[in-house]
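By convention in this document, chain letters (A, B, ...) are assigned in the order of the sequence lines, proteins followed by strands, and residues within each chain are numbered from 1. Only this structure's heavy atoms are used, side chains among them; waters, hydrogens and symmetry mates stay out.
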Amino acid sequence: MYAPLITKPGSSLERKTGSWRTNLRPKFLQKDCIACRLCYLICPEGCISGKEKNTFISDYNYCKGCGLCAGVCPKDDIEMVPEGETK
Amino acid sequence: MYAPLITKPGSSLERKTGSWRTNLRPKFLQKDCIACRLCYLICPEGCISGKEKNTFISDYNYCKGCGLCAGVCPKDDIEMVPEGETK
Amino acid sequence: MKEFLEGSRTVARTVRLCRPGVIAAYPITPQTHIVEDLAQMVADGELDSQFINVESEHSAASVVLGAVAAGVRAFSATSSQGLLLMAEVIFNIAGMRLPLVIVNANRAVSAPINIWNDHQDSVTVRDAGILQFYAENNQEVADLVLLAYRVGEDPKISLPALVCMDGYILTHGHEVVDIPEQKQVDKFLPEFQPVVKLDPENPETMGYLGTPEIYMETRYALQETMLEALEVITSASQEFERIFGRALPPFYEAYKLEDAERAIVAMGSVAGTIKEVVDEMRQEGQKVGLLKLITYRPFPADALYEALENVPEIAVLEKAISMGAFGPVYTDLKASFQGKEAAPKISGFVIGLGGRDVSKDSIRRVFEELRGPQTPAKFMDVKTELVTA
Amino acid sequence: MKEFLEGSRTVARTVRLCRPGVIAAYPITPQTHIVEDLAQMVADGELDSQFINVESEHSAASVVLGAVAAGVRAFSATSSQGLLLMAEVIFNIAGMRLPLVIVNANRAVSAPINIWNDHQDSVTVRDAGILQFYAENNQEVADLVLLAYRVGEDPKISLPALVCMDGYILTHGHEVVDIPEQKQVDKFLPEFQPVVKLDPENPETMGYLGTPEIYMETRYALQETMLEALEVITSASQEFERIFGRALPPFYEAYKLEDAERAIVAMGSVAGTIKEVVDEMRQEGQKVGLLKLITYRPFPADALYEALENVPEIAVLEKAISMGAFGPVYTDLKASFQGKEAAPKISGFVIGLGGRDVSKDSIRRVFEELRGPQTPAKFMDVKTELVTA
Amino acid sequence: MKEIRIHARAGQGAITTAQLLGMAAFAQERYAYAFPHFGAARMGAPMNSFVRIDDKEIRLRSQVYEPDYVLVVDATLMRGFDVLSGLKPGGAVIINEREDVPNPEARDGANIYSVPANKIAQEVLGRPLGNTVLLGAFAAATGEIELEALNKAISERFAGKVAEGNIEAAKRGFDYIKENYAKD
Amino acid sequence: MKEIRIHARAGQGAITTAQLLGMAAFAQERYAYAFPHFGAARMGAPMNSFVRIDDKEIRLRSQVYEPDYVLVVDATLMRGFDVLSGLKPGGAVIINEREDVPNPEARDGANIYSVPANKIAQEVLGRPLGNTVLLGAFAAATGEIELEALNKAISERFAGKVAEGNIEAAKRGFDYIKENYAKD
Amino acid sequence: MTEHLFSRGHTACAGCGQALGARLVVDAAGRNCIITNNTGCLEVFSTGFPQSAWQVPWIHSLFENAAAVASGVEAALRYQGKLDKIKVIAQGGDGSTSDIGFGALSGMVERGHDVLYVCYDNEAYMNTGIQRSGLTPFDSNTTTSPPGKASFGNWRPKKPLPQIVAAHGAPYVATASVGFPRDVERKVKKALSIEGPKYIQLFVPCPLGWRHEARLTYEVARLVVETGLFPLVEFEDGELTRVRQIKPKPVEEYLKLQGRFSHLFRDEAGKAEIAKIQTIADANIKRFGLVAEKKEKAKESKKQEKASKS
Amino acid sequence: MTEHLFSRGHTACAGCGQALGARLVVDAAGRNCIITNNTGCLEVFSTGFPQSAWQVPWIHSLFENAAAVASGVEAALRYQGKLDKIKVIAQGGDGSTSDIGFGALSGMVERGHDVLYVCYDNEAYMNTGIQRSGLTPFDSNTTTSPPGKASFGNWRPKKPLPQIVAAHGAPYVATASVGFPRDVERKVKKALSIEGPKYIQLFVPCPLGWRHEARLTYEVARLVVETGLFPLVEFEDGELTRVRQIKPKPVEEYLKLQGRFSHLFRDEAGKAEIAKIQTIADANIKRFGLVAEKKEKAKESKKQEKASKS
Ligand SMILES: Cc1ncc(C[n+]2csc(CCOP(=O)(O)OP(=O)(O)O)c2C)c(N)n1
Ligand SMILES: Cc1ncc(C[n+]2csc(CCOP(=O)(O)OP(=O)(O)O)c2C)c(N)n1
Ligand code: SF4
Ligand code: SF4
Ligand code: SF4
Ligand code: SF4
Ligand code: SF4
Ligand code: SF4
Ligand SMILES: [Mg+2]
Ligand SMILES: [Mg+2]
C-alpha cells in the first residue's frame, strides 16, 4: 500500500526561522510596558509572548527581526539591537 | 492540403424554416396599417418586410407562425389564420 | 428489479443507492438528464443529499473535492468541454488521493462544437490518475458506478474514478436494466471511511507544497497505487458477482476470442454492434472476435496481452485520436505487445467521431481492412472530399 | 549576435523579433520572466504590441485566439496548472485552425503543488492538435520559436504550436545564445497571412456548430494536416539553416547513434546531461548513444523507426507518466515499433519529476538497468520507503 | 428483431413515443432499445427517434437504416421527404394523417395506415397530440405489442387523468385500424 | 569544466552573482551556464545558485554536486551546514566573513579564503552587499576569471553609479586576496 | 425585403425572444462590427454548419470565453489601428454571462476593453434544456431547480448582475427588454458611442423554457418590466442615471402566463410564494424609484436607512 | 507561550503583512473552523512539506478554487449536520480573489454558502514575483506593469472588489487592514456570527513586493487607511453600514515609503501622477463619507448627482 504523505498541525515549529535573522533583533526593555499586547498582536511570526506588564518577550528561535514590534510599542519599550548584543 | 470548412454569411437563407409552421400563419390584412413598423421590428425571424402603409407582408418561406406580429400590431391589422387559408 | 429506463435515469437511480452526501454538477449535453433526475429526487425529498448548482465544471469538481476532503461521499457528472475544463482539478483530486465518482457522458470536443458521442473527452485525461471505466450498455454503467465507488474508496486505493458512458447512445437510450436493492448496495458499498479528512478534532493540512524532496515519491505512490488497483478491481468484481448475482468482468469482456483469427478491441457501446457483426460473421464461418475493454485506467497491459496473444490480426477501434499520432488505446496496446513474443498485426481505426453513426457495415469493413497492410490510424466512414482542397 | 542571457530573456528577445501584435499571458512560475521581459519592452516602447494582463490562463489563450482570428500574430506563455487550465481552449484553437505560438515553461502538476520541472503539463495536451517542440538548451528554444511560427502559419498547416522549455533549468538558466538579426527573422517569417479571419469586408462565421455530417471530416483534416506538418517542418528546417546558418534538425538529433548498442530517447534539457554521459561511456568503450526528440507532435514515427531500428536496447527516459500505464513517449515509440521487423528491447524510465535532479549518475544507471529485463515505467531515484505503508 | 423509425418535429413527443413503445414491449417481457436522434433540435425542427424490439437482449447501437415500421407523428414532414426510405419490404407505415398533406404511394409491398390521430386526440385529450393514438394504431396494425401492454406503459409513464386519457386515445387508435383496415 | 556553488539567502543576490560570473566568463570568450536552485524561497530562506564554466559549450544540466569552488555570500548559513560538502580536493571556498560565525576547518586540501566583503561593500557602496567584492576575491583566488572581464560583466549588468561602485568593490575584493593570501 | 444583419432561416423556436433580441442588437450595431459569441441557444440556432445567419464577422469559441475572445479581437484591432472603425461586441446567454463566463467578463471590464457585452437573459440554461443559472428568478421551475415535495423551485434570488457590473465602474451598463424594441436599439447605439467596456442585459423570453405560448413573447417581455421584476435602468460610471418609470402591475399577471411558475398557482403555499415575488418587485420599485409619485418618498426612506458612521 | 492557531516557523519574509493577517484571522476564528486556501504566498510559506503552520484543518487545492472547495466543505458539513459547530473560511490573495478565482467566489456568494471569504490584499501576485493583479493600484510598479518610457506603471484603477461583492447582495462585506489589528479581529468575529456568504478584504503590506522596509508594515497599513486610499468600510446586505472616519493625510506620505511608487518621485510628470492618486483618495473620502465634517456636504452633493429619471 502506498500511503498519502501527511503533514502534522503546527509542525512548522520544527523550522527555526530565527536563523534568518542576520542583523537586528528586538530587545524587550521591560521597563515601561503597559501590557497593551500590541507587540503580541502585530508580530508576523507570532513569536511574542507575555501577559503581565514587563513580561513580554520574543522567541528568538523564530523571530526574523522585522522590527514591527519595536515600531508598534506605544511605550518604546522594545528596541532593535544588533544581533551580537545580549538581551 | 486539408482546408478548414467555412460557412458563408447569411447562408441560413438556404434553410426554409417556413416548413416548421404547422398550424397558423399571419395574414396581413393591409387595411388599417399605419406603417408603425412594430411587426417588422418584433418578428424573431426577421421575415417581415414593408415600408409604406398597408404594404407589410411576411415571407412564408421562413415564417414560423409564432404570432408575435399579430399580437404587437396596434391596429389589429394582422390576423393569425389556419395554414390552409389563403393570404 | 428489472425496469425499462433511460440510461441517465439508470445512473441517477444507482447514484441514489450509493447515498452520496454532496452532488455538484454543471449542465452539459448529454449529461443533463442525470443531474436533472438527481435534482428532482432531492426536490422530492427522495434523496438526502446536498445538490449544488455550481457556476462551472471547474467548480463542480472543486466542490466535490471539498466535500470528500470533509469526509462525505460525493458525486458529479459531466461531458466533453466540461471534462476538459475540469482537467486541472481532476489531476489535483487524484494527486490528493480523494475518492469520488464522476460519470462522463462521452461527447466530442470543440472546435467545431459538437454535442454527439465520441471518446476524445475522457481519454484526454488518461494521465491524471483517475480510474477509468467504459460501459457497453446501461446495465454496465450502473454496475460500474457501484464498482467505481467500491474500488476508489478502498483505503489501499483512495482514488477518484470516471465512469464513461456514450452520450445519447446510452445516456438517452432506454433499455431494460436491473436496478439492485438498497441493502445489496449497502453491503457492497460500506460507509465511506476517508483515509485523511478535514476535521477540527484532528486538524490535518491537506494539499501542501510538495518540494522536490518528496514530489516524485508522491507520483511514484500514485502509479503504484494505480497498478495495485488492478488487484482491487479483480476482487471487487468477484464480490460484485457474489452480492448481485451478476458478472462484471474486471478488465475486459472476451467475446468469441478463443479461436479468433481476427479480433477487434473497442470500448463503450460500439461493442454491442461489434458483437452482432461477430455473430453474423461467425455464422458465415469467419473466425472473428471482440475484446471489449472496460478498465482503461489502470491499463491492464498483461491481461490484455494474455487475452490477445494468440490472435494474429487485431484491430483497435477508437472514437478518439491523439492528433499527429495514433489512437490512445491503440498506442497503449501496441506498447504492451512490443518486444513481447507474440507479434500480431495490430491496426488502428478511428471511427464514430462526433456522432458519426457506426453501422454494422462499418464494422464489417474494419474486419476486412484488417486483412490488408497494418494501418496506424485509419479513419472510417469519412467523406474525405469535403476537406481536401 | 552571441550574448550571455537568461533563457526567459532569450525567449522574450526572440518573440520581439517575431513582431507579435498581441501578447496575452498570465503569470505562473517559472514562466514569469518571459512575460515580464515582454511587458518591460512594451513599457519602454521597444516592442509595438498590445500586452494584455489577463485574469486567467483560460482567458490568456482566449485572448490570443481572438487576436489571431482577427488576423494578428499573437504570443502567449504558460506552464503547468496554467496549461491544464488552458486545455479546453487549446483543443479549440487547434480545431479552429488558428496559428499562434505558446511557450510552455515545463513544470510538474498538482497535487501536491510543485513549481519545478517535469513534462507532465505539456504531454497532457498531446491529443489536442497543437504542434509540440521540446528544446535542449536556450538556443534551441529561440530557434524553435521561430520555426513554430513559420510552420504553424504555413497556410497548408494553420495550426498552433507549443514550444516547451524546461522550467528553471532553461527558463532561469543563463547561457550563451546567438540572437538573430531582425532582417533574418523577417525573411524567415514573412507577415502573417491568415487563412480565415474576422473582417467586416468579408464577414466569415468562425466556430460554427459542427454537426455529425461534417464533424468527423474536420477531425480527419486535422490529423492529415498534422501529418503534412512533418513535411513542412522538414522544409522549414532546411530554410532555417539557409537563413540563419545554423542547423535545426527537424524531428530529432541523433547523438552517436550509428553504431550504438544501447540508446536513450529523451526530450528537453536532460539530453545535454545524457550527451555528457554518452561521451564518458564511449571513452570507456561502451557503445551508447542518444536520440533527442525535438518534434513530439506530430509524432515522427517513421523517422524514429529508421533512426533506431538497428539499436538493440533502447531506453525511453521521461519526465512524465500516464498514471496506471506508461510514459507517453515510451508508448508512442513502442507503438511505432510493434509489428515491425526490428524488435529492439524498449524500456521505459521515469525520471526527474517535480524537479528531482537528474545527475550523470542517474543516466549511467539507466544505461545499466537497460541491460536487464524490459521495464515499462521504472521510476529512477525515488526513495520508495517514504511512501510505502 | 424489429426496428421502428419515428418521424416528428422536436417538441412533438417522439422520444416519449419511442419510450412508450419500448415500455410496452418490456411489459410483454421482451427487450427493447429506444433512442432519439437529434440535430441540435429546436421546437419545430425535424427529428427522429428509433426503437428496436426483440426477444433477447439488444446490442446493436447503430441508427435504424432499414426499419420494419415507420411512425409519422407529423405528416408535414412528408413534404419533400420520403418516409418510406429504407423500409423493409412488407413493412408498415403509420401516419398521423393531415388533410393538406398527401400520403405516399405504397411500394415494395409497404402497408400504409393513415390515422386521424390528432383529430382523435383533440376529441379525447382536448389537445391535438396524436402520439398515443398512433401507438394504439401501431399495436393493431403490426401486432408487435398488445394493447394491454401499451396501457401498462402509459400508466407507468403518466399519472391520473393524463394516463386515463391516453389509454383511451390508444384504444381509439387501435380500434380505428381494426375498423378501417382489413387484416393482412 | 569548472563548477561553482554559491550559498546565500533569498534576496541576497545569489542569482545575480552567478550571472555576473557567467558573464565574465563569456567576456573571456568562454562558455558558462549559471542557474539558481530555490526551494520556494522567501527573503531570508537559504538557497543556492550554481555556475559552470568551460571552454566548450556546456551541456550538463544537473545540479553541482562536487564543486571546484564555493562562494558563501552569507556566513550565517554555515551555522549547522558544512559548506565544504562535496568540494573537490584542492578546491577553494570564498567566504563573506562575519565575526560571529567561525569559518570551517580546511580539509582535503581545500583553500579557504575569508573576505570581509560586507564590510568592504559598506565602505564602497554604502550598503553591506558584498557580492561583487566576493567575485573580485574569486577572480584573484582562482584565476578562473580576469578582473577586466568581471568589470565588463558588471558594466553590462548595472548602469552608472551602481556599476562604478561595484567595479570598485570587485577590485577591493581582488586586492584583498592578493594582499592577504599568498598564492598557492 | 429589407436586409437584416441576422438572417432568417435560423433554427430558433418559433417566438424565440433571443432570436429577436440578437437581430435588434446587430441591426442597431450595423455592418462594421465583429461579434464574439459564447456557446448557447443563439450560437446553435444561428450557425449549424453549413448555414450561418450572420451577415457580420462572427466567432464562437467556447461557452465561457466570449469576453476574453472579444478582448483579443479588440486588442488586434487596436494594434491594427482599426478600432475607431470597427466595433466589438461580445455576447452570450445569462448562464454563460453570470456563471461560467463571469470571470472573463469581469476581467474584460476590469481591463477596460472597448467592447460592448450583451447578455441575452432568458433566465436559465436553455441550450442544454432549461437548467438553473445565476439569473434564474426566485421560485422558477427549471430542471435543476424543480419544485417538489421539498421545494418551490429555485431557492435563490436572481443575481443582480447589472449592479455588479456597474460596481466594476464600467462606463455604461443598461438593462433592456425585447418588449421595448426601440429602447433596445437606442441603448445599443448609445453603448457603442461610449468608449470602454459596456454591458447590456437584454431580457429575452424563451417560450420553450418558460412554457408560455410563442405569441406571448412580447407581452411577457413587457410585463416583466411593468411589474417591476426587471427594471429598465442605465448606469454610467457606476451611477444610476436613468430608469423607465412604470405603473406597477401585480406580479401575478406576469407569472400566470408562464408554465415555469404554474406550481405557484396550485394552492395556498403557492400564494405565499407569489407574495414573496411581489416583495422582490416592490423592492426594485423602491430601490430604483420606478414609480414617479413615490420618488420622493423613496429618497426619504433611503436617507433614513443611510449608513451609521463610526 | 500563548499558542496561536497559525504557528511560528512559517517561511514568510520578515515583516510579511499576510503572515500577520492570516494569524489574526485564524486566531479570531478559533479552533472550530476549516480553512480552504488558494495558491499564493500564504499557502507556500505555511505548508512546505513536511511542515505546516496550521493548527486547524486546512486544505489547498488550486490557485482559483478555494471558494468552490469551501462550498463543498460547507455542503458536506451541512449534510453531516455540523455546520452550526464548524465555521468554513476560504481565503486567497488579491490575485486569486479578484482575477482567476473571482468566478468561483462570485458563484459561492450567488449560491449563498455559509462561508467567510478572506482576501489578503497585497495588491499584486506576490508568490510568482510581483505581477499586476486586478487589485494592483494605479501607477504601481509591478513586473507586468512596469514603468518605462511609455508607461507610469499600472494604468488601471484598483478593481472595486468590496463594492462588487456587496452588489451581489452578500450579507456582510468589510474591508480591514493589519494596521488595525483589533478591528480585524472584530470584523472576523462579526462576519462569522452572520449566516451566509461573507467577504473581508484585508490589506496586508508586502515588504518584498512593495519594496518598503520590513519594519514599516504596520505604518504602511495604517497610512493607506489614513490617506483614504483604502477606506475601512462595512456593507450589510449590500448597503454601506459603517465606515472608519479619518483625518486625511496626503497620499505622498503613504507612497513615498514604498519602492513600487518611487518612479513617481523623480520628476514633474511623476507629481502629476501623484495628483491623480490624490484624486482617487479624495473620491473615496467623498463617496464613503470618511471625513466627519464633510459628511453632510457629501450627502448634499450625492443628492445632486442623483439619477435623472425618464
Ligand atoms: C465548459 C462547458 N460547460 C457546459 C457547456 C454546455 N452548455 C452549452 S450552452 C449551455 C447553456 C447556455 O445557457 P445560456 O448561457 O443561458 O444561453 P441560452 O442557451 O439560455 O441562450 C450549456 C450549459 C459547454 N458548452 N461548455
Ligand atoms: C492556474 C494557475 N495559474 C497560475 C498560477 C501561478 N500562481 C500561483 S500563486 C500566484 C500569485 C498569487 O497572487 P495572489 O493571489 O495575489 O497571492 P499572493 O501570493 O500575492 O499572496 C500565481 C500567479 C497557478 N498556481 N495556477
Ligand atoms: S522583530 Fe518581528 S519577528 Fe521579531 S519579535 Fe518583533 S515583530 Fe516578531
Ligand atoms: S507593545 Fe510595548 S507596551 Fe504593549 S505589550 Fe508590547 S512591550 Fe508592552
Ligand atoms: S408569425 Fe412570427 S415568424 Fe411569422 S411573420 Fe409573424 S412574427 Fe414573424
Ligand atoms: S404592426 Fe400593424 S400597423 Fe404596424 S406596420 Fe405592422 S401591420 Fe402596420
Ligand atoms: S429554447 Fe428558448 S432561447 Fe432557445 S431557441 Fe428556443 S425559445 Fe429561443
Ligand atoms: S513576498 Fe510579500 S506576501 Fe509573500 S511572504 Fe514575502 S512579504 Fe509576505
Ligand atoms: Mg439562458
Ligand atoms: Mg497578492
Side-chain angles (χ1 to χ4, degrees), chain D residues 8-9 12 23-61 77-86 105 107 109-116 167 171-172 354-355 383 386-387, chain H residues 37-41 43-44 46-50 52 59-65 69 93-106 124-136 139-156 159 161 209 263:
Chain D
S8 299
R9 174 156 300 226
I23 299 168
Y26 191 73
I28 181 162
T29 306
Q31 150 267 37
T32 42
H33 290 188
I34 299 171
V35 287
E36 290 171 4
D37 275 356
L38 290 166
Q40 188 68 60
M41 291 171 186
V42 172
D44 285 338
E46 290 170 8
L47 168 57
D48 173 26
S49 188
Q50 296 291 315
F51 184 89
I52 313 295
N53 275 315
V54 286
E55 84 290 350
S56 76
E57 287 88 357
H58 199 285
S59 285
T78 190
S79 178
S80 179
Q81 305 307 116
L83 190 64
L84 292 187
L85 188 57
M86 278 186 184
R107 162 184 150 182
V109 301
S110 289
I113 185 166
N114 174 294
I115 57 175
W116 294 273
T171 56
H172 288 54
K383 294 157 286 190
L386 262 184
V387 284
Chain H
N37 210 132
N38 280 326
T39 310
C41 261
E43 161 264 326
V44 169
S46 65
T47 72
F49 190 86
S52 167
I59 185 171
H60 159 258
S61 163
L62 298 169
F63 185 28
E64 61 273 40
N65 68 354
V69 173
D94 52 291
S96 67
T97 304
S98 73
D99 297 340
I100 198 168
F102 183 54
L105 169 59
S106 179
Y125 298 117
M126 294 315 174
N127 188 42
T128 39
I130 317 151
Q131 295 83 17
R132 174 196 183 273
S133 84
L135 293 185
T136 299
D139 272 356
S140 180
N141 177 355
T142 75
T143 54
T144 53
S145 67
K149 286 191 203 90
S151 160
F152 274 108
N154 184 38
W155 56 96
R156 295 288 304 163
K159 186 174 180 177
L161 207 48
H263 59 289

* Please state whether the side chain, the backbone, both or neither of D:Ile28 comes within less than 4.5 Å of a heavy atom of chain H. =>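 Contact with chain H: backbone only.
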* To do: Assess whether side chain to side chain contact (heavy atoms under 4.5 Å, CB included) is satisfied between H:Gln131 and D:Asn53, documenting all intermediate values.
  => CA-CA 9 Å; H:Gln131 295 83 17; D:Asn53 275 315; over 6 Å; no
Does any part of the side chain of [Y], heavy atoms only, come nearer than 4.5 Å to the side chain of [X], both counted from C-beta?
X	Y	answer
D:His33	H:Thr143	no
D:Gln81	H:Thr39	no
H:Ile100	D:His58	no
H:Phe49	D:Ile113	no

* Asked: Can you name the closest pair of heavy atoms from H:Ala150 and D:Gly45 and give their distance?
  ->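 Closest heavy-atom pair between H:Ala150 and D:Gly45: CB-N, 4.1 Å.
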* chain H interface, residue from D:Asp37, D:Thr29, D:Val42, D:Val54 that has the most non-hydrogen pairs under 4.5 Å ->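 The answer is D:Thr29.
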So, taking the atom named [atom1] in [X] and the one named [atom2] in [Y], what distance separates them when rounded to the nearest 0.5 Å?
X	Y	atom1	atom2	value
H:Ser145	D:Gln40	OG	CD	10.0 Å
D:Glu55	H:Ser98	CD	OG	9.5 Å
H:Leu62	D:Ser110	CG	OG	6.0 Å

* Between D:Tyr26 and H:Phe63, what is the ring plane arrangement, given parallel below 30°, perpendicular above 60°, and tilted in between? ->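 D:Tyr26 vs H:Phe63 ring planes: tilted.
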* Asked: Under a 4.5 Å heavy-atom cutoff, which of H:Pro146, H:Pro147, H:Ser151 has the most pairs with chain D?
  ->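 Answer, by heavy-atom pair count under 4.5 Å with chain D: H:Pro146.
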